[in-house]
There are 2 protein chains.
Amino acid sequence: MSGGIKIDGIDKIIIKRLVEDARTPVLGIAREVGISGAAIHQRLRKLEDSELMIGSKLILNPKALGYTTTAFVGIFLESASMYSSAIKKLRDIPEVVECHYTTGNWSIFIKILCKNNEDLMYLLNHDVQRIKGVARTETFISLDQQINRQIKI
Amino acid sequence: MSGGIKIDGIDKIIIKRLVEDARTPVLGIAREVGISGAAIHQRLRKLEDSELMIGSKLILNPKALGYTTTAFVGIFLESASMYSSAIKKLRDIPEVVECHYTTGNWSIFIKILCKNNEDLMYLLNHDVQRIKGVARTETFISLDQQINRQIKI
DNA sequence: ATTGAAAGCTCTTCCGA
DNA sequence: TCGGAAGAGCTTTCAAT
């Protein structure tokens, strides 16, 4: 997984600019660092071909779509063998935005976005709890998110 | 927070393409939906000015940087009043990529990326536990992440 | 809200250093 | 790894619909 790519200071600037705004023009970065657009372009190509860059995404504001409730839900499975079938069902619930297989109390740990607490309750009782193998859930509502970032390069 | 923006099918296609790849050219989208580049450009401008779009980001692969361990950590605070000072300290730990104030067992709930389990242990014992107000932590390591997406538009 | 046109800028490639 | 140059492609604006 560590593709052995070597990153220097110029690469870091390219990455930083594009992490801030993925649509920043390559030529703008070129002017900033003082080398040619072609050189930046070549470096970006190299970075794209490495495993470092997964892609670039437009980031949406869930609140603008009415999704004001963020919650984490720990799921107890009756048996660990039900993991993959449960995942398949969770994938069909659009509000489930992350799904982890975790050590500790639970088997599955999900992050969920809902329009409000009522919708969350309905979703847990109606959609999640009815998945085959789900024994019990524990829910933690996020009242406030203060940090949201990527790993520092 | 719900800025009252109206989104039609064409806007949804624009958003979908840019969520897939933020660097997709507007003209490419224009050809796909069959209206002019100028029209798509205007729509994108409108979307950018709304609260729907937070921005666009290059997405990095933590594993390519050697960060192979993802963990969630519930933090018990001695008193809720220590929340903001604790956040300030957590912000100084680059491995902390998310930080939530949650209902339920804990006061603070963080997502953390580390190079390996040893680093995680060191970070918890050395950096997190020593923050003033932190009484105890509970750690859940993510062995596998199967879902990672944004809210459906 | 959409269009085509026009101007300016950006991307991409290629080759020589 | 970099720079220059060239053509293709893209963005941005505008007047008109």
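With rounding to whole Å, Arg17(B) atom CZ is found 18 Å from dC10(D) atom C1'. Across the protein-nucleic acid pair, Leu47(A) atom CG and dT1(D) atom C1' stand 14 Å apart, rounded to whole Å. As a whole-Å value, the separation of Ile10(A) CD1 from dC2(D) C1' is 10 Å. Following rounding to the nearest Å, Ile40(B) (CD1) and dT3(C) (C1') show an atom-to-atom distance of 13 Å. In this structure, Leu27(A) atom CG and dT13(C) atom P are separated by 14 Å, rounded to whole Å.
Residue Ala38(B) places its side chain closer to dT13(D) than to any other of dT11(D), dT13(D), dT13(C). You'll find that the side chain of Ser36(B) is closest to dG4(C), out of dT10(C), dT12(D), dG4(C). Candidate nucleotides dT13(D), dC11(C), dG3(D) were compared by shortest atom distance to the side chain of His41(B), and dT13(D) ranks first. The side chain of Arg45(B) lies closest to dT12(D) when the candidates are dT2(C), dT11(D), dT12(D). Residue Arg43(B) has its side chain nearest to dA1(C) when only dA1(C), dG4(C), dT11(D) are considered. Comparing atom distances between the Gln42(A) side chain and each of dG3(D), dC11(C), dC10(D) picks out dG3(D) as nearest.
Note on ring orientation: taking the six-membered ring where Trp is involved, the planes of Phe76(B) and Trp106(B) are perpendicular (angle over 60°, cut-offs 30° and 60°).
Under the 4.5 Å side-chain criterion, counting only non-hydrogen atoms from C-beta, Gln150(B) is in contact with Val19(B). The closest side-chain heavy-atom distance from Ile14(A) to Arg43(A) is below 4.5 Å.
For the pair Ile35(A) and Arg23(A), both in contact range of DNA chain D, the more 5′-proximal nearest nucleotide belongs to Ile35(A).
With Ile141(B) as the fixed residue, the side-chain contact (heavy atoms from CB on, under 4.5 Å) test singles out one of Ile112(B), Leu120(B), Val73(B): Leu120(B).
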Kindly indicate, with the supporting measurements, whether the criterion ring pair (Phe, Tyr, Trp, His ring centres under 6.0 Å) is fulfilled by Phe140(B) and His100(A).
CA-CA 10 Å; Phe140(B) 308 92; His100(A) 300 261; over 10 Å; no

Working for side-chain contact (heavy atoms from CB on, under 4.5 Å), residues Gln145(B) and Thr70(B):
CA-CA 9 Å; Gln145(B) 179 167 7; Thr70(B) 302; 5.5 Å; no

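End-to-end axis angle of the helix from dA1(C)-dT17(D) to dA17(C)-dT1(D), using five pairs per end and rounding to 10°, comes to 30°.
Ring-centre distance between Phe109(B) and Phe109(A): below the 6.0 Å cut-off.
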